[in-house]
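Step one of this worksheet: look at the structure below.
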Amino acid sequence: MAAAAAARATVLKHLRVAVAGGSLHGGQRGFPWLLANSLRRFSEEVRGSFLDKSEVTDRVVSVVKNFQKVDPSKVTPEAHFQNDLGLDSLDTVEVVIALEEEFGFEIPDNEADKITNIKMAVDFIASHPQAK
Amino acid sequence: MSTASAAYLARRAAQKERVRILYRRALKDTLNWAVHRHLFYQDASNLREKFDANKDVEDINIIDKLIADGEASYNKWRHPDPYIVPWAPGGTKFTRNPTPPSGIEIIYNYGREDND
């Protein structure tokens, strides 16, 4: 069921993109807004709707920099929340929740426990199809 | 008190994980109840102080009891209509428009069918 939701979300993302590039479907019967044929095509491409990794890194770093307990100059893309930035484990939880709010998606509880540095957070978000 | 046996450490690690998950759920619940952001910040700092007050407790049984109390009060205060991200399980958009199975397409011959 999660796979269906993930595939559906990727399709929705592609629908957004395809409106701008409507000239791709020149062979259809003049219904540029009916993408039923292209639905079939796009549901096989699962890669394209994930966010760009550098953009994700920038946004994650800016969220962590805005955190009150963090020294902004120490935040690098390789920083570990507890070792480098001096955060508590509860602070790590708060940072993960702030990232969830920033990107607008939901992390399950057992996955959220495992995110302990910025690199893992970036990897998780970049590989999640519903991250905006 | 600092018996560094594997069972003790495993129990402590499990407790830390329970505390983290409890804090996460309690913080989200606080956001569900206090929708306005300035109220949420106030309530979130209160919650954080409650957690921080018990930070240095060493006795493992007392920690267990505190975690059980925390989980009980979390269950008591759970919001009946929490905000769930729409495409997450339980949200409104979850499996709303699944992709049609492959190999099926719509034939656009409206008005041109041969049947009556």
Side-chain angles (χ1 to χ4, degrees), chain A residues 1-15 28-31 34-46 68-69 81-82 88-116 128-132, chain B residues 12-32 37 40-41 44-45 47-56 70-71 74 82-112:
Chain A
M1 197 163 285
R8 173 186 45 79
T10 60
V11 163
L12 286 176
K13 282 224 166 313
H14 273 288
L15 281 180
Q28 286 195 357
R29 298 265 193 146
F31 286 103
L34 278 180
L35 298 170
N37 285 346
S38 58
L39 271 177
R40 198 161 39 97
R41 181 155 64 92
F42 285 145
S43 63
E44 282 134 25
E45 305 171 354
V46 198
Q68 275 168 341
K69 299 183 192 171
F81 287 139
Q82 292 187 0
D88 203 1
S89 60
L90 294 183
D91 290 328
T92 317
V93 171
E94 286 186 17
V95 167
V96 169
I97 289 185
L99 288 177
E100 277 189 16
E101 287 187 351
E102 158 79 16
F103 288 96
F105 69 113
E106 188 94 3
I107 311 183
D109 286 338
N110 45 358
E111 297 290 322
D113 240 5
K114 301 194 176 81
I115 295 183
T116 49
H128 200 93
Q130 282 113 358
K132 330 191 118 131
Chain B
R12 283 300 292 261
Q15 279 176 350
K16 286 182 189 170
E17 180 152 349
R18 274 174 80 185
V19 168
R20 281 200 291 264
I21 291 182
L22 177 64
Y23 182 60
R24 188 182 149 82
R25 290 189 182 159
L27 200 55
K28 288 190 171 171
D29 224 25
T30 317
L31 186 56
N32 283 330
R37 204 74 191 183
F40 165 65
Y41 284 141
S45 53
L47 180 70
R48 184 63 200 262
E49 276 171 26
K50 276 195 235 168
F51 269 78
D52 277 342
N54 298 328
K55 201 162 72 147
D56 298 318
E71 286 178 352
Y74 164 70
Y83 172 73
I84 305 178
V85 175
W87 43 84
T92 54
K93 242 169 111 171
F94 185 56
T95 63
R96 182 177 269 194
N97 277 330
T99 50
S102 66
I104 291 185
E105 67 176 31
I106 302 177
I107 302 177
Y108 296 107
N109 59 351
Y110 178 67
R112 289 186 293 268

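Letters A, B, ... mirror the listed sequences (proteins, then strands); counts begin at 1. For the numbers below, each heavy atom of this structure counts, side chains included, while hydrogens, waters and symmetry mates do not.
Separation of atoms CG (L90(A)) and CZ (R48(B)) is listed at 4.5 Å; rounding is to 0.5 Å. Annotation: the span from Y23(B) atom OH to T92(A) atom OG1 amounts to 10.5 Å, rounded to 0.5 Å.
For V96(A), the side chain to side chain contact (heavy atoms under 4.5 Å, CB included) criterion is met by I107(A), A112(A), I115(A), R24(B), not counting sequence neighbours. Looking at residues two or more places apart in sequence or on another chain, you find a salt bridge (charged side-chain N to carboxylate O under 4.0 Å, His left out) between R20(B) and D113(A).
At least one side-chain heavy atom of E101(A) sits under 4.5 Å from a side-chain heavy atom of L31(B).
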